[in-house]
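Residue numbers begin at 1 in each chain, while the letters A, B, ... track the order of the sequences. As the structure is a prediction and not an experimental result, all values here were calculated from the model.
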Amino acid sequence: MEFDFAEEQPKFLMLMYGLIAFVAVVGGLLLLLDVVPAWFARRREAQIVAASASGAPLPRRRKPREGMFALFFLLPTLLLLTIGLVVPAIRTTLLSFMDGSSNEWVGLRNYGWMFSEDSIVRVLINTLVWVLLVPLVATSFGLLYAIMVDKARFESVAKSLIFLPMAISFVGASIIWKFVYAYRGDGQEQIGLLNQIVVSLGGEPKQWLLESPLNTLLLIVIMVWIQAGFAMVVLSAAIKAIPADIVEAARLDGVTPWQMFWQITLPSIRPALIVVVVTLSIATLKVFDIVRTSTNGNYDTSVIANEMYNQAFRYGQNGQGSALAVFLFILVIPIVIYQIRNIRQQREG
Amino acid sequence: MTTATPTVAAGTQKTDGRRTSTAGRVRRRLNSRTATLVSIVIAIVWTIPTFGLFISSFRPEDEIKSSGWWNFFTNPSFTLENYQEVLFGRSSSSGQLASYFINSLAITIPSVLFPLAFAALAAYALAWINFRGRDWMYIAIFALQIVPLQMALVPLLKFFSTGVTIGGITVMPAWDLVDEQKFAQVWFAHTCFALPFAVFLLHNFISQLPGELMESARVDGATHPKIFRSIVLPLITPALAAFGIFQFLWVWNDLLVALIFAGGGNETAPLTVRLAEMAGTRGNEWQRLTAGAFVSIVVPMIVFLSLQRFFVRGLLAGSVKG
């Protein structure tokens with residue numbers, strides 16, 4: 001073992017600074033909020049005492065300083081959101097109308113590039129495939145599993161096993177699956193599970209991740225594997241929340257499981273279903289890690305988020321990268337509006 | 001909806017009904033037994049990829065590379081060498097993951113604490129302090145959830161490297177951070193990006209606290225900071241835990257933010273960055289990749305399994321990050 005712990009010391013020092021900063025900022029803020037109003041209160045008391053002694057009219061009672069309190073409670077959040085999200089988002093929008101080094105205005109050229117360059121059109125199509133397939137497959141799977149496992153023995157264990165990939169990073173998950181897809185030449189012993197299955201069924205081993213468009217689908221499998229657990233947990237909670245008397249009444253009516261599913265279960269969990277689909281769609285649009293770790297976007301597997309990283313941070317094309325980021329944002333908006341409308345309807349209905 | 005029908009049906013066909021219900025019960029039990037079986041099979045299939053990687057990480061290098069991990073069961077051979085090398089090896093190709101592990105830790109802890117505290121303060125103000133524009137502010141913060149991370153990256157990086165100048169006047173100097181100091185950039189970025197969701201999630205909990213509690217505290221002369229500290233904070237501990245776990249998993253597992261703001265060296269880059277790099281450049285060194293992947297998975301897995309209850313509660317309350 002040749003690990004030198006002393007070399008790591010600067011990191012712990014930095015971590016300590018971070019923690020000290022945390023205590024100072026949060027503690028300081030609360031202390032400030034405690035001390036300052038107390039000081040004002042004391043001053044006011046002194047004024048009242050002085051006024052009553054001299055017989056002058058009492059100072060007018062001021063309104064409680066609610067606004068001030070709110071401002072200080074909100075200050076760190078508002079400040080950070082402005083610096084970290086609002087201003088950068090506006091700047092990115094502006095940058096998307098400028099050239100690669102952000103010196104000259106080029107109008108809509110970056111957007112034109114996006115839809116004319118063959119490789120980028122491919123990226124857009126891939127993203128579309130991702131965002132159609134992942135929510136659909138993961139949600140249906142999660143739903144079926146939630147129904148199957150409902151009230152079964154070992155329910156919690158079975159659910160945990162499906163849910164567990166949520167804890168694994170996209171990078172870790174990609175490595176796990178790269179190992180499943182691993183390829184060794186024909187005639188050699190396979191080490192990848194998938195190729196082993198193919199071989200034992202009499203097929204020939206394949207380089208799964210090199211063959212387009214199959215590779216995109218195989219990467220989508222990784223995302224589904226991770227996200228199905230999320231869909232399952234939310235939908236399972238929704239199913240358990242369906243009033244028991246409705247289910248019992250339907251059962252006494254002698255509905256088939258099929259009818260039960262379409263006429264009772266599905267309508268009852270519609271709101272949860274929408275939340276799951278929307279959340280998964282947004283997460284899928286932004287997927288980056290899986291593509292980068294598995295294929296680095298080669299062999300026609302790239303998606304918008306990955307291409308945005310490449311353009312802005314590898315090729316130094318800020319304009320094109322920003323245009324892709326803005327496009328991503330535009331794609332997210334309708335999904336979110338749909339969700340907001342649904343939530344509102346639900347509140348009213 | 002169908003409360004009237006069953007009583008009629010039960011009344012008219014009483015004898016017949018009992019027989020079908022017995023049959024139905026048997027059928028239902030059989031059904032549920034197949035369902036249980038199928039669901040267990042699926043759960044196992046779901047776990048096999050991870051399990052295979054786990055087994056592999058303990059196999060000697062030449063065996064990983066020459067035979068499938070399932071051979072472990074017929075021909076078991078066990079070694080810790082992969083972990084030894086990937087964690088502590090000194091050569092540049094070995095991984096040196098121990099160092100990156102510490103980076104992950106140093107990145108994650110402040111990145112969880114800061115948004116937690118700031119969001120709790122903000123959520124309290126938005127829920128229980130009366131001021132003008134409160135609803136609008138809440139909606140604005142909520143809406144910021146939809147801004148993709150990607151929208152903020154380029155300008156934020158520029159902000160760190162060149163500072164802010166307005167009309168020739170330097171408002172904010174460049175941070176000019178080197179080596180370990182770059183942690184600060186990552187904390188900052190993670191905190192900013194987490195806030196909209198954190199405020200939303202904590203607001204859900206805080207606004208549901210009983211109003212009388214706040215009222216009576218106000219009548220007793222408690223100020224907002226006092227109410228926040230002594231009443232609200234203890235009551236929302238489960239929510240804080242839920243968000244804490246969320247944020248922990250999110251930061252620990254993040255690749256994009258770290259890739260851009262941490263720099264690539266073993267001074268600051270977290271495990272995910274190093275692993276992604278290893279998967280790219282040494283994609284066939286399975287003895288390192290398998291062990292490395294497990295080093296990165298083990299901490300979130302422990303957190304997740306031990307605190308799953310809180311995590312699920314947070315998931316259901318906030319219906320997850322947008």
Would you call the rings of B:F311 and A:F163 parallel, tilted or perpendicular, taking 30° and 60° as the class edges?
tilted
Check the pair B:V273 / A:V171 against side-chain contact (heavy atoms from CB on, under 4.5 Å), numbers first and verdict last.
CA-CA 8 Å; B:V273 170; A:V171 175; over 6 Å; no
Value for CH2 (B:W46) from CD1 (A:I162), rounded to nearest 0.5 Å, stands at 5.5 Å
Counting heavy-atom pairs under 4.5 angstrom with chain A, the leader among B:L259, B:T268, B:V312 is B:L259
One pair to check against side-chain contact (heavy atoms from CB on, under 4.5 Å): A:Y309 and B:I260. What are the steps and the verdict?
CA-CA 9 Å; A:Y309 175 84; B:I260 289 166; 3.8 Å; yes
Of all of B:V199, B:I297, B:I245, B:I42, which one pairs up most often with chain A through heavy atoms under 4.5 Å apart?
B:I42
I need the minimum non-hydrogen distance between A:T92 and B:A152, along with the two atoms involved.
OG1-N, 4.4 Å
Show your reasoning for whether side-chain contact (heavy atoms from CB on, under 4.5 Å) applies to B:W69 and A:Q196.
CA-CA 11 Å; B:W69 55 266; A:Q196 176 65 37; over 6 Å; no
Which one wins on heavy-atom pair count under 4.5 Å against chain A: B:M301, B:H224, B:K226?
B:H224
One option among B:A189, B:G52, B:A106, B:C192 has the most heavy-atom pairs under 4.5 Å with chain A, and it is B:C192
Structural part of B:F294 lying under 4.5 Å from a heavy atom of chain A:
neither
Among the listed options B:L271, B:T47, B:L113, the residue most often paired with chain A at heavy-atom distances under 4.5 Å:
B:L113
